[in-house]
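Just so you know, ligand 1 is whichever comes first in the structure, and atom 1 is the first atom listed for that ligand. We use all heavy atoms of the structure for the numbers below, so side chains are in, but hydrogens, waters and symmetry mates are not. What you see is a predicted model, and the numbers here were worked out from it, not measured in a lab.
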Amino acid sequence: MQIRFVFCLVFLLYSQTSHAQSEGGLSLSSVSPFPVGFAVDPVLLKSDRVFRELFIKHGDGLTATNSMKPSRIIREKGRYHFEEADALIDFAVKNNKRVHGHTLVWFNESAPRWLKEIRDSATLENNLREYIRVVGEHFRGKVKSWDVVNEVFDDLAGDVRIADYNEKGAALLNLGGVLGKDYAARMFQYAHQADPEALLFYNDYGQETNPGKLNHIIRMVKDFKARGIPIHGLGIQMHINIDTPESGIEKVIASFAATGLQVHISELDVSMNTGKTKQFRPGAAQFLQQKQKYRFVVETYRRLVPASQQYGITTWGVGDKDSWIPQFCNCSDFPLLFDQEYQPKPALEGYFEGVGTK
Ligand code: G3I
């Protein structure tokens, strides 16, 4: 009888805690020892009250999903557009949220066409230096940190990218090919000149499954340190799926922590649709695997990164409705902490468990 009573009491307490954590009371930011971030789109922030409230409640900071990229700020040569990013930063300041700038230099097909067309190294270098100066100075004092260069290394052996086109035939900004393989170092120097107070990050994806890329990044950091190139942090994008091996996740987090730099899990999401099929609908098993993966990432980050180097964990969006993945893979997927209606998912509970609130 007594045992039954104790069991009932424990069950009641467990279910209440679980309910409070995932749906009502607790916020991630109030229980997390590291800053909790979200990638934020200003259109949703304005138009969707639930999105806005969830971000305000759970987030310590934001990264602009697209608003601070060259593709938005300088689509046409010489014409800077800061309105969208400024509005986002005003919102962050009013709500006491940290702003992480993303990204000053990126090779991706979304780079402005006029930049991609420059084939002369001095001209491209001068344009990028000027862009970094104008943008760095514009946001000085408002942006705490920058992803200075995004995704320098390729997905093959992990060497510096030198491609003019991607596999779909879309034109790229061939930074390595036009500027030479050491271009990233100079971009960090320009960023430091533009805003000497900003923390400067190198950001990339796939290190957990591509050891060649991971090695190149570590080598670059050692080289930067030896030459006195200013670098303060490393971003692990961590676009993973429910099958991504835990050993790879542990390895990249441990290797980055060992550099002594700030470590930012900068774009976390956990895809469930590993087959990339159009009609995919997750079942209980996938929801559980996703929850476990979120818990593992958060717990591993806390365990392996010294507190003084924990720059935070940012998820790439708030709910499945605003994830980039379905558009990118042309398939259905559900990679984030909240669902299409911004209701909490088991993944959120996994995050709370990783933080250690259970
Ligand atoms: O806004 C236009 C819309 O008007 C148009 O109808 C539509 C048609 O395709 O495109 C819309 O713009 C798209 C934009 O996302 C907003 O949805 C762009 O085509 C598309 O290229 C853009 O994709 C972004 C991508 O970076 C490229 O900039 C994703 O939102 C964004 O989540 C993604 O983020 C990247 C990080 O910056 C770096 N790491 C990887 C991560 C995921 O790819």
Side-chain angles (χ1 to χ4, degrees), residues 37-48 51 55 61-76 81 83-85 87-88 99-113 115-116 131 135 143 145-155 158 161 165-173 175 184 187 201-210 213 217 233-241 244 252 264-271 273 276 313-331 333-338 340:
F38 292 93
V40 167
D41 181 308
V43 174
L44 269 174
L45 206 54
K46 226 175 170 180
S47 64
D48 195 315
F51 174 93
F55 168 68
L62 64 80
T63 304
T65 316
N66 291 310
S67 316
M68 295 173 81
K69 290 174 178 171
S71 55
R72 290 288 166 90
I73 291 183
I74 192 160
R75 181 144 293 280
E76 311 101 38
H81 295 279
E83 308 78 20
E84 197 177 287
L88 196 59
V99 179
H100 176 67
H102 171 85
T103 176
L104 289 170
V105 180
W106 193 18
F107 80 97
N108 176 280
E109 66 266 26
S110 68
R113 187 194 293 179
L115 258 187
K116 291 192 278 196
Y131 177 78
V135 174
V143 169
S145 48
W146 275 106
D147 288 332
V148 177
V149 191
N150 202 37
E151 303 170 5
V152 168
F153 301 103
D154 68 31
D155 294 331
R161 293 175 190 274
Y165 298 95
N166 69 9
E167 65 288 350
K168 292 178 188 156
L172 303 171
L173 176 54
L175 294 156
M187 301 302 132
F201 281 71
Y202 175 71
N203 192 48
D204 212 328
Y205 68 87
Q207 308 93 325
E208 54 286 328
T209 49
N210 184 339
K213 196 184 267 194
I217 296 170
L234 291 170
I236 311 169
Q237 295 186 10
M238 199 71 86
H239 296 294
I240 56 175
N241 67 55
T244 305
V252 57
H264 185 199
I265 294 187
S266 54
E267 305 185 12
L268 176 63
D269 44 31
V270 180
S271 159
N273 185 358
K276 308 281 170 228
I313 297 184
T314 297
T315 52
W316 206 242
V318 174
D320 293 335
K321 187 175 159 191
D322 55 285
S323 169
W324 66 286
I325 293 180
Q327 191 191 358
F328 183 75
C329 70
N330 193 21
C331 65
D333 210 338
F334 311 87
L336 289 168
L337 300 172
F338 297 86
Q340 300 274 356

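No N or O atom of Thr65 sits closer than 3.5 Å to an N or O atom of ligand 1. At under 3.5 Å, a nitrogen or oxygen of Gln237, whether backbone or side chain, sits near a nitrogen or oxygen of ligand 1. Where the criterion is an N or O separation shorter than 3.5 Å, residue side chain and backbone included, Trp324 fails it with respect to ligand 1. No N or O atom of Trp106 sits closer than 3.5 Å to an N or O atom of ligand 1.
Between His102 and Glu267 the shortest side-chain heavy-atom distance falls below 4.5 Å.
Using a 4.0 Å threshold on non-hydrogen atoms, atom 17 (O) of ligand 1 counts as touching the protein. Under the 4.0 Å distance rule, the nearest protein heavy atom to atom 3 (C) of ligand 1 falls outside the cut-off.
For atom 34 (O) of ligand 1, the closest non-hydrogen atom on the protein side is Trp316 NE1, 3.2 Å. What sits closest to atom 21 (O) of ligand 1 on the protein, heavy atoms only, is Ser110 CB, 4.6 Å. Scanning the protein heavy atoms around atom 12 (O) of ligand 1, the nearest turns out to be Arg72 NH2, 4.5 Å. Protein heavy atom nearest atom 26 (O) of ligand 1, with residue, atom name and distance: Lys69 NZ, 2.8 Å. From the protein, the heavy atom lying nearest to atom 36 (C) of ligand 1 is His102 NE2, 3.4 Å. Among protein heavy atoms, the minimum distance from atom 41 (C) of ligand 1 is reached at Glu267 OE1, 3.3 Å.
Atom OG of Ser71 and atom NE2 of His81 lie 12.0 Å apart (nearest 0.5 Å). Here the straight-line distance linking atom CG of Asn203 with atom CG of Leu104 works out to 11.5 Å at 0.5 Å rounding. Atom NZ of residue Lys69 and atom CG of residue Asp147 lie 10.5 Å apart, to the nearest 0.5 angstrom. Distance check, rounded to the nearest 0.5 Å: CG of Asp269 to CD1 of Ile325 gives 4.0 Å. Rounded to the nearest 0.5 Å, atoms CD1 (Ile313) and CE (Met238) are 8.0 Å apart. Remark: Leu336 CG to Asp322 CG distance equals 6.5 Å, nearest 0.5 Å.
Put simply, no part of Glu109 is less than 4.0 Å from ligand 1, judged by heavy atoms.
Listed by number with element, the atoms of ligand 1 under 4.0 angstrom from any heavy atom of Gln327 are 9 (O), 17 (O). Of all the atoms in ligand 1, the ones that sit under 4.0 Å from a non-hydrogen atom of Glu151 are 38 (C), 39 (N), 40 (C).
When non-hydrogen atoms are compared, ligand 1 lies under 4.0 Å from the side chain of Asn150 (C-beta onward) but not from its backbone.
Residues Ser271 and Asp333 bring a donor and an acceptor atom of their side chains to less than 3.5 Å of each other. Thr63 and His100 form no side-chain donor-acceptor contact under 3.5 Å, judged by distance and modelled atom types alone.
The cationic group of Lys213 lies under 6.0 Å from the six-membered ring centre of Tyr205 and within 45° of the ring axis, placing it in a cation-pi geometry.
Proximity annotation for atom 29 (C) of ligand 1: of Asn108, Asp269, Asn66, Asp147, Asn66 comes nearest, heavy atoms only.
Scored by the ring-ring contact (aromatic ring centres under 6.0 Å, His included) test, Phe51 finds Tyr342 as partners (sequence neighbours excluded).
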